[in-house]
Amino acid sequence: MSRGLGRVQRAVLAYVRSEPGGRSTIDGTPLAASITGLARVVYGVEQPTDAQRAAVRRAVRRLEAGGHVEVQRRPVGRTYTQQRAHPRFWPPRYDRRLAVCTGKDGCPGCTAGDRPSMYFDADIMAMFIEHYGTLAEADRQLWRATAHGWHLYPVPLPRPADDYRTCEVEITELCVRRALTDKERAEAEQRAQQFIRPYVAAMLAMLRRR
Ligand SMILES: [Zn+2]
């Protein structure tokens with residue numbers, strides 16, 4: 001099955017098949033390895049060169065085309081600052097902010113004219129998880145929100161002081177894991193559902209008690 005693959009491709013495939021990152025505690029699937037991590041292993045160096053990373057990236061793309069691996073672009077938890085030009089005239093831009101209602105005078109959501117919502121279901125929970133980044137923090141915020149509700153309200157983004165703005169750009173990297181079988185995929189889906197079920201059930205039970 002690995003015949004016809006180049007040296008770098010074989011090394012990458014062997015490494016990702018060893019599931020070096022272990023498995024997700026949520027759905028049980030292998031965690032993905034980053035291109036930099038793969039290049040370290042394939043070339044046995046601490047700081048891979050750009051050429052080494054590029055060779056690994058090419059090998060990964062070929063393995064992906066052959067159905068051997070799955071590839072995703074993921075944030076790696078680092079950012080860099082970039083200055084970007086922007087058009088001289090630009091329309092006001094808005095961001096949507098999710099916030100727990102404080103129930104007090106001066107609650108930013110209430111001040112923005114948004115009525116707090118007491119609506120909770122699996123979709124709302126998914127929105128909290130996406131917004132707060134982790135299940136633990138989303139859960140904490142959801143419980144806080146049961147007191148006075150939550151807001152989703154538009155906030156105008158600040159206009160830059162001059163013709164340039166400084167952005168924090170999140171660094172992403174290609175991340176790779178071995179291809180899953182259809183059976184593994186179905187099992188992962190089931191495990192993820194089971195994982196989230198108690199949280200949704202707890203929310204619904206609490207709402208019924210109110
Ligand atoms: Zn409020």
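Note that ligands are numbered from 1 as they come in the structure, with each ligand's atoms numbered from 1 the same way.
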**Message:** Among Arg144, Met127, Gln141, which residue satisfies the side-chain contact (heavy atoms from CB on, under 4.5 Å) criterion with Trp150?
**Reply:**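 The passing option is Met127.
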- prompt: Are Glu70 and Arg185 close enough for a salt bridge, meaning some N to O gap below 4.0 Å?
  reply: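 Salt bridge between Glu70 and Arg185, a charged N being under 4.0 Å from a carboxylate O: yes.
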Before accepting this row, confirm whether a basic side-chain N of the pair Arg191/Glu184 lies closer than 4.0 Å to the acidic partner's carboxylate O.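 Salt bridge flag = no for Glu184 with Arg191.
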Fill in: Within 6.0 angstrom of Arg73 CZ, more than 12 heavy atoms from elsewhere
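Yes - once you tally the heavy atoms of other residues, nucleotides and ligands closer than 6.0 Å, there are more than 12.
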message: Can you confirm whether the side chains of Gln190 and Gln194 place a donor and an acceptor under 3.5 Å from each other?
response: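 There is no such pair between these side chains.
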Would you tell me whether Thr29 and Arg177 have side-chain atoms, one donor and one acceptor, within less than 3.5 Å of each other?
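Yes, a side-chain donor-acceptor pair sits under 3.5 Å.
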Ignoring water, what protein N, O or S atoms are under 2.8 Å from the Zn ion (ligand 1)?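 Within the sphere that stays under 2.8 Å of the Zn ion (ligand 1), the protein atoms of type N, O or S are Cys101 SG, Cys107 SG, Cys110 SG, His151 NE2.
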